[in-house]
Amino acid sequence: MKHVIEQLVLSALGKAKNNGDLEIVKEPEIVIEKPKDPKLGDFSTNLAMTLAKPERKNPKVIAEVICKYLKNGGGQVERVEMAGPGFINLKMTRSFFLSRLIQVAESGEDFGNSMVGRRQKVLVEYVSANPTGPLHVGHGRGAAVGNALCNILRKAGYDIKSEYYVNDVGNQMNILGRSTWLRYREILQKAVEFPKDHYQGDYIKDIAREIIDQHGDEFLGKSGDEALPFFREYAAKWVLDGIKTDLKEFRVEFDGWFSEKTLYEDDSVDNALGWLREKGFVYDKDGAVWLKSSAFQDEKDRVIVKQNGDRTYFCSDIAYHQNKIHRGNEKLIDLFGADHHGYVPRIQAVMEALGYNRDIFKALLVQFVSLKRGGEKVSMSTRSGEFVTLKELVDEVGVDAARYFFLSRSCDSHLDFDLELAKKETPENPVFYIQYAHARICNVFLTAQNKGIAVPAGSEVDLSPLVEDEEFALIKNILAFPEVVEKSALALEVHRISHYLHDLVAGFHSYYNRHRVVTENKSLTLARLFLLQCLRITIRNGLALMGISAPEKM
RNA sequence: GCCCCUGUAGCUCAGCAGGAUAGAGCAACGGAUUCCUAAUCCGUAGGUCACCCGUUCGAGUCGGGUCAGGGGCACCA
C-alpha cells in the first residue's frame, strides 16, 4: 500500500520539477510512514525535510509546493497538508482503502505475498545441532526462528531452501559411540569407568538398553575396536532420528539434511583445501595447516588440519559453504546460537578467501533462552545432562505457545520463557489472545450461517455501509500486512509478525465489543462479514508464517 | 585484556532507515456480560529511554566513553 503512496509522491515531485518549482538534482528516496496521531492523516512523508538541504530552501516552503501537486493527484487523495516542521500528511479517500480491501479476499492465502525477494535464491541453514543428544530449548528457539524466517522470506518473494547440517563425523561421534558402549557394558554388570568428557545424559542408557533388547550381550565378547563402529552408527542414527521426530513434532521441516560425511567422501574438503592452498591462503606451521583468515578481517589465523592429521570442524565447514554456493545459492543465511558468534568472522573470511563477496553470507545470532517457572529460574547446565529438552518443553506447553514465545522477541534479546504463563489458557497468554480472535470470527460466521447469511464474495459486496472509524482503522491495519512481511524479511526480524498480529487483533476485539456484526440490517451485515473475512485471512496468514495454528473453535 | 548481545513503566518486551506528545502486554486499581464466545472490552495510574560527551533543524534511535547483566575468545563442535 505504501508503494502506491510512494508513486503518488514521486509523480508529484516530477511535476514540480517540470514546472521549475523544484530543482531535484538527485532523485530522493521516498519514505512513507504513518503519522503517530491518525487524525493527522493516513500517511506522511518527511520528504520536504530531507530535500531542504539539496534544494537550499526552507522545508516548509518545499512541503507547500509538493502539497500543491499532490492535491491534483487522482481521486484517491482526500486531503493533503503540511504540518509541523515540514511533514506532508496525506489523507486518502474511503474508496482508496475499500477497493484494496476487496483484493485481500481475492488473494486469500496469497495475501501478504510480495516480490521484494525477486526470486533470489537463498539457503537458510539452521538448528544444525550435533547429533550427539536431544535438542534442548535453545535449539528450539533457533528452530522456530529459522523456520518462521524461511516462511517469511518465501512470502516476500525469495526462493528459499532450508537445510540442517549434520555433523556426522569427527571425534564427538566416536565419543557418542564409546559412551553408548560403556553404558552397554555397565548395564550388563561389567565394571566401567565412565569418563567425564563422555555424554552423561540418560538417553545414552536408553540407547544401550535398546541394543541389549535387540542384540543381547553379543558385543560383550568383542573388543572395543570391533564393537565401537556398530555402537557409533547405532547411537548416531538413534539420536538423529530423535532430533528429526522432535522437529517434526515442532512443525519444523527441512528441504535437506546435509551430511558432513559426504563432503569427505566426494573429496569436497580436499578440493577446497587444495584450492585455498593454490591461492596461497593456507600455510603449514607447528605441524598443522592454517588458514590465513586474518588476511580477511578475522582476528587470527585458524587451524584447519590438526597436528594429528584430523581436519577440524571449520575445515569441512569451508567445503560446505563452498558447496552451498556451487549449488546456485546467491545468498547464505546461517542461524547460530549466540555462543557461536566468534565463528562468524571466520565464515566471512572463508567467503572472501573463496573469492566471493563477504556480504552474501549473513549470520543470524539467536540469543539464549532462560526458562522460568513462576519467578524461579530453571537451571540448565549442559553438563551432567541436566537440561530441558525441546520435547519436554513442547509436552508441557504445546507447540503453539512454544513457537509464539520463541518468535515474539527480537533474536538479539535474551529470552525469558515463563513456562507458567505459556501454559495458561487465560487472557494473560498472548497466544490465546490472537487465536481467540480467529475463533471468534469463525463463530460470527457460524452465527450468520445459521441465519442463512453467507460471507459475500468481493465481487458482489457493497462496502459503503462501512463508515465507522474503528472499521477503517482495522482496514488500514489489514492492508499494512504485506509491508510488515516485507520489512520483516528485509530486516530478517521474525518478531515483527507477532507484534503486528497482536496489535491487529486488539483492534478487532475492541471493535467486536462495540459493534454487532450480524444484525437485522442486511447490507451492513454483509459488509461487516466481508471485513471480518479479510481480517481472518490476515490473521491466518500471519499465524501460518509463525507456524501457529488458527483454531476455528476454542 | 579483546570481541558480540542487552540495558526503555513494578515485570516481560516493542519502538519500523534519527522525526511530531515514548508504546503494548502482564501485574495494580475502578468499571462493562438480557446482546454474534467475558480466553473479551472500557477507564485510571505508572518513565531522568542506565550514565556522560558529541554529531544536527531534530537523538530512545547515530558516534565515542563509563557502568551493569549475559555470552564468547581451542589443533571442541
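Naming convention: chains lettered A, B, ... in sequence-line order (proteins, then strands); numbering from 1 in each chain.
- In this structure, NZ of K451(A) is placed 8 Å from C1' of C36(B), rounded to the nearest angstrom.
- Nucleotide C13(B) is matched to G23(B) when pairs are restricted to Watson-Crick or G-U wobble geometry with both distances under 3.5 angstrom.
- Taking the six-membered ring for Trp and thresholds of 30 and 60 degrees, F254(A) and Y126(A) have ring planes inclined between 30 and 60 degrees apart.
- Look at OH on Y404(A): it is 10 Å from C1' on C13(B), rounded to the nearest Å.
- Taking a 4.0 Å limit (strictly below) on heavy-atom distances, residues 478-496 of chain A reaches RNA chain B at K487(A), H495(A), R496(A).
- Remark: the N46(A) side chain and the G19(B) base include a donor-acceptor N/O pair separated by less than 3.5 Å.
- The CD atom of E299(A) sits 10 Å away from the P atom of C4(B) (whole-angstrom rounding).
- Regarding contacts with the backbone of C26(B), every side-chain N or O of K372(A) stays at 4.0 angstrom or more from both OP1 and OP2.
- Residue S408(A) has no polar side-chain atom (N or O) positioned under 4.0 Å from OP1 or OP2 of C13(B).
- Atom CD in E33(A) sits about 7 Å away from atom C1' in G19(B), given to the nearest Å.
- In a base pair of the Watson-Crick type (N1 to N3 plus N6-O4 or O6-N4) or a G-U wobble (N1-O2 and O6-N3), with each distance short of 3.5 Å, A68(B) is matched with U6(B).
- Nearest nucleotide to the side chain of H341(A), out of G70(B), C75(B), G72(B): G72(B).
- Comparing R409(A) and T45(A), the nucleotide of RNA chain B nearest to each residue sits closer to the 5' end for R409(A).
- Ranking C5(B), A77(B), C42(B) by closeness to the R346(A) side chain, first place goes to A77(B).
- As a whole-Å value, the separation of I318(A) CD1 from C75(B) C1' is 14 Å.
- Of the listed nucleotides (G71(B), A14(B), A77(B)), G71(B) has the atom at the smallest distance from the side chain of D339(A).
- Taking the six-membered ring where the residue is Trp, Y343(A) and F336(A) present perpendicular rings, their angle passing 60° and hence far from 30°.
- Remark: Y433(A) is in phosphate contact with C41(B), judged by side-chain N or O atoms under 4.0 Å from OP1 or OP2.
- With sequence neighbours excluded, no residue satisfies side-chain hydrogen bond (donor to acceptor under 3.5 Å, both in side chains) with S410(A).
- For the pair D418(A) CG and U12(B) P, the interatomic distance rounds to 10 Å; values are reported in whole Å.
- Of all heavy-atom pairs spanning L90(A) and I5(A), the tightest one is CD1-CG2, 3.6 Å.
- The side chain of Y512(A) has C36(B) as its nearest neighbour among A74(B), C36(B), C75(B).
- Checked against C41(B), G19(B), U12(B), the side chain of D416(A) finds its nearest nucleotide in U12(B).
- Summarising the base pairing, G63(B) is matched to C53(B) through a Watson-Crick or G-U wobble pair whose two defining distances lie under 3.5 Å.
- Classified by interplanar angle (parallel below 30°, tilted 30° to 60°, perpendicular above 60°), the ring pair H198(A)/F194(A) is perpendicular.
- The phosphate of A14(B) has OP1 or OP2 within less than 4.0 Å of a side-chain N or O from S413(A).
- Of the candidates A77(B), G19(B), A39(B), A77(B) carries the atom nearest the Q172(A) side chain, counting heavy atoms from C-beta on.
- Below 30°, between 30° and 60°, or above 60°: for F281(A) and F296(A) the angle between ring planes is above 60°, a perpendicular geometry.
- Distance from the side chain of F87(A) is smallest for A20(B) among the nucleotides C5(B), A20(B), G71(B).
- The separation between L419(A) atom CG and U12(B) atom P is 15 Å, rounded to whole Å.
- Listed nucleotides G69(B), A14(B), A38(B) differ in distance to H414(A); the shortest reach to its side chain belongs to G69(B).
- Relative ring orientation between Y512(A) and F508(A) is described as tilted, the plane-to-plane angle lying within the 30° to 60° band.
- Set against A24(B), A20(B), C75(B), the side chain of K306(A) has C75(B) as its closest nucleotide.
- For C29(B), the paired nucleotide is G43(B), the pair qualifying as Watson-Crick or G-U wobble because both relevant distances are below 3.5 Å.
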Where along nucleotides 56-61 of chain B does protein come under 4.0 Å, by heavy atom, of base (B) or sugar-phosphate alone (S), with - for untouched nucleotides? ------
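- For R141(A) and G70(B), the CZ to C1' distance is 12 Å, given to the nearest whole Å.
- In this structure, K91(A) places its NZ atom where more than 12 heavy-atom neighbours from other residues, nucleotides or ligands lie under 6.0 Å away.
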